[in-house]
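Before any comments, here is the structure.
Computed from heavy atoms alone, side chains included, the values below leave out hydrogens, waters and symmetry copies. Numbers here simply count residues along the sequence, with the first being 1.
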Amino acid sequence: QVQLVESGGGLVQPGGSLRLSCIASGFSLENYGVGWFRQAPGKEREGVSSLNNKDGTTYYTDSVKGRFTMSRDIARNTVYLQMNSLKPEDTAIYFCARTVNRDARIGAPRARDFGIWGQGTQVTVSS
């Protein structure tokens, strides 16, 4: 069964850090790109970062550049999102997603290019 399962969310104070994990099953991260998205209450889903499977290159939306880092562990078939210097505006449900097509080249993640989604993990940044 092809699926993604996120974990690692929680409540953190401004300036704090969290590391989100996304465990993939039913397919290999060597063959598909992955993106992280987030959705805050009352707002549209936003693409946060992406990672290309063939060369490991990453993309970050401007609001998280320099603070978030996306990585993968092929042996564990897991993708991570390290989030540092968190701000209240980072509060959202975070989703990981896999591209529809194998070996698809991705930059700024667009939801329509992703076909398998995790259930999401809540991140709350508040004092």
Side-chain angles (χ1 to χ4, degrees):
Q1 182 180 2
V2 176
Q3 66 176 358
L4 298 166
V5 178
E6 304 98 331
S7 63
L11 172 64
V12 63
Q13 292 186 341
S17 298
L18 283 174
R19 188 178 78 156
L20 306 184
S21 300
C22 173
I23 300 174
S25 58
F27 70 96
S28 173
L29 292 176
E30 290 182 298
N31 299 324
Y32 291 88
V34 177
W36 282 99
F37 294 79
R38 65 186 180 186
Q39 188 163 20
K43 295 188 176 181
E44 293 187 354
R45 184 169 42 189
E46 173 190 23
V48 175
S49 65
S50 65
L51 188 149
N52 283 283
N53 62 292
K54 297 191 75 174
D55 58 12
T57 54
T58 52
Y59 164 90
Y60 301 94
T61 194
D62 285 347
S63 62
V64 308
K65 280 181 183 176
R67 301 188 297 122
F68 290 12
T69 303
M70 187 174 179
S71 62
R72 65 178 173 175
D73 185 329
I74 294 295
R76 290 183 167 83
N77 219 30
T78 301
V79 172
Y80 303 98
L81 185 67
Q82 177 67 44
M83 305 186 297
N84 299 328
S85 302
L86 283 161
K87 305 175 181 180
E89 51 263 44
D90 294 318
T91 295
I93 300 174
Y94 283 71
F95 301 89
C96 63
R98 191 206 81 177
T99 55
V100 172
N101 297 312
R102 178 171 171 153
D103 294 330
R105 184 72 187 174
I106 46 176
R110 301 174 301 182
R112 67 189 183 201
D113 295 329
F114 293 80
I116 303 295
W117 293 79
Q119 83 288 351
T121 185
Q122 176 71 47
V123 172
T124 303
V125 184
S126 175
S127 54

Are any side-chain N or O atoms of Ser50 and backbone N or O atoms of Ala108, one a donor and one an acceptor, separated by less than 3.5 Å? no
Return yes if some donor-acceptor pair links the side-chain N/O of Asn52 with the main-chain N/O of Lys54 below 3.5 Å, else return no. no
List the residues meeting ring-ring contact (aromatic ring centres under 6.0 Å, His included) with Phe114, not counting sequence neighbours, and say none if there are none. Phe37
Could I get the full list of ring-ring contact (aromatic ring centres under 6.0 Å, His included) partners for Tyr32, not counting sequence neighbours? Phe27
Can a side-chain donor-acceptor contact be found between Arg105 and Thr99 if the only test is distance below 3.5 angstrom? no
Show the atom names and distances, to 0.1 Å, of all donor-acceptor pairs under 3.5 Å that link a side chain in residues 11-26 to residues at least two apart or in another chain.
from	atom 1	to	atom 2	distance (Å)
Ser17	OG	Asn84	OD1	2.9

Taking 4.0 angstrom as the limit, do Lys87 and Asp90 come out as a salt bridge? no
Got a sec, which residues hit salt bridge (Lys or Arg N to Asp or Glu O under 4.0 Å) with [X], two or more places apart in sequence or on another chain?
{"X": "Arg72", "value": "none"}
{"X": "Asp103", "value": "none"}
{"X": "Arg110", "value": "Asp113"}
{"X": "Glu30", "value": "none"}

Residue pairs, two or more places apart or on separate chains, that pass ring-ring contact (aromatic ring centres under 6.0 Å, His included) and touch [range]:
{"range": "residues 77-106", "value": "none"}
{"range": "residues 3-26", "value": "none"}
{"range": "residues 45-64", "value": "none"}

Do any pairs count as a disulfide bond (SG atoms under 2.5 Å apart) and have a residue in residues 50-82, sequence neighbours left out, and if so which ones? none
Residue pairs passing the disulfide bond (SG atoms under 2.5 Å apart) test where at least one lies in residues 25-87, sequence neighbours excluded: none
Chi angles and distances behind the side chain to side chain contact (heavy atoms under 4.5 Å, CB included) call for Val64, Arg38: CA-CA 12 Å; Val64 308; Arg38 65 186 180 186; 4.0 Å; yes
